[in-house]
Amino acid sequence: MDTPWRYAITLPGTPGCHAPARVIVVHATGETRNGEAVYADSAGTFRVTIAHGVAEPLDVPASHGRHTCLHAYPLP
């Protein structure tokens, strides 16, 4: 099975303020990290690896209130 070239990543709204979820489209960068493909938004500021429908943000410290496991939906 081919690896999708782009994904839609769902970012939950801010907890406690009933904000709607945001969707960011990421594209394959050609880079890898720990054997997984790296994807980034068009600005290159939001970078993730994706495995089994789960996106894990890169370069973002895990802290209270930060989501480290996000839903990734492959796009055509």
Side-chain angles (χ1 to χ4, degrees):
M1 181 175 172
D2 290 331
T3 302
W5 188 72
R6 62 189 191 135
Y7 282 89
I9 308 297
T10 304
L11 299 175
T14 304
C17 70
H18 305 288
R22 291 186 308 143
V23 176
I24 296 177
V25 175
V26 295
H27 304 271
T29 63
E31 301 172 45
T32 60
R33 182 178 280 185
N34 299 327
E36 299 289 341
V38 174
Y39 293 81
D41 65 354
S42 58
T45 56
F46 181 73
R47 296 165 38 90
V48 296
T49 57
I50 300 171
H52 309 291
V54 177
E56 293 185 45
L58 302 175
D59 309 323
V60 176
S63 63
H64 183 68
R66 295 275 182 168
H67 296 278
T68 58
C69 183
L70 304 166
H71 179 72
Y73 185 81
L75 297 173

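Hydrogens, waters and symmetry mates are skipped; everything else that's a heavy atom, side chains included, is used.
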Go through the steps to decide whether L58 and R33 satisfy the test side chain to side chain contact (heavy atoms under 4.5 Å, CB included), and finish with yes or no.
CA-CA 9 Å; L58 302 175; R33 182 178 280 185; 3.4 Å; yes
What do you reckon, are the aromatic ring centroids of Y7 and Y73 less than 6.0 Å apart?
no
When rounded to the nearest 0.5 Å, the distance separating CD1 of I24 from CG of L11 is 4.0 Å
Specify the closest pair of heavy atoms between P57 and V48, including all atoms of both residues, with the distance to one decimal.
CA-CG1, 3.7 Å
Given the rule in the side chain to side chain contact (heavy atoms under 4.5 Å, CB included) test, do L70 and V54 qualify, once you have shown the distances and angles that lead to the verdict?
CA-CA 6 Å; L70 304 166; V54 177; over 6 Å; no
Go through it in stages, so that I can follow the logic: the residues are Y39 and H27, the test is side chain to side chain contact (heavy atoms under 4.5 Å, CB included), and I'd like the CA-CA distance, side-chain angles, deciding distance and then a yes or no.
CA-CA 5 Å; Y39 293 81; H27 304 271; 5.6 Å; no
Any donor-acceptor pair under 3.5 Å linking the side chain of T29 with the backbone of V38?
yes
Is R6 reaching over with its side chain to a backbone N or O of P74, donor-acceptor style, under 3.5 angstrom?
no
Compare every heavy atom of I9 with every heavy atom of A55, then report the nearest pair and how far apart it is.
CB-CD1, 3.6 Å
Would you find a donor on one side and an acceptor on the other, under 3.5 Å apart, between the side chain of D41 and the backbone of F46?
yes
Assess whether side chain to side chain contact (heavy atoms under 4.5 Å, CB included) is satisfied between E36 and E56, documenting all intermediate values.
CA-CA 11 Å; E36 299 289 341; E56 293 185 45; over 6 Å; no
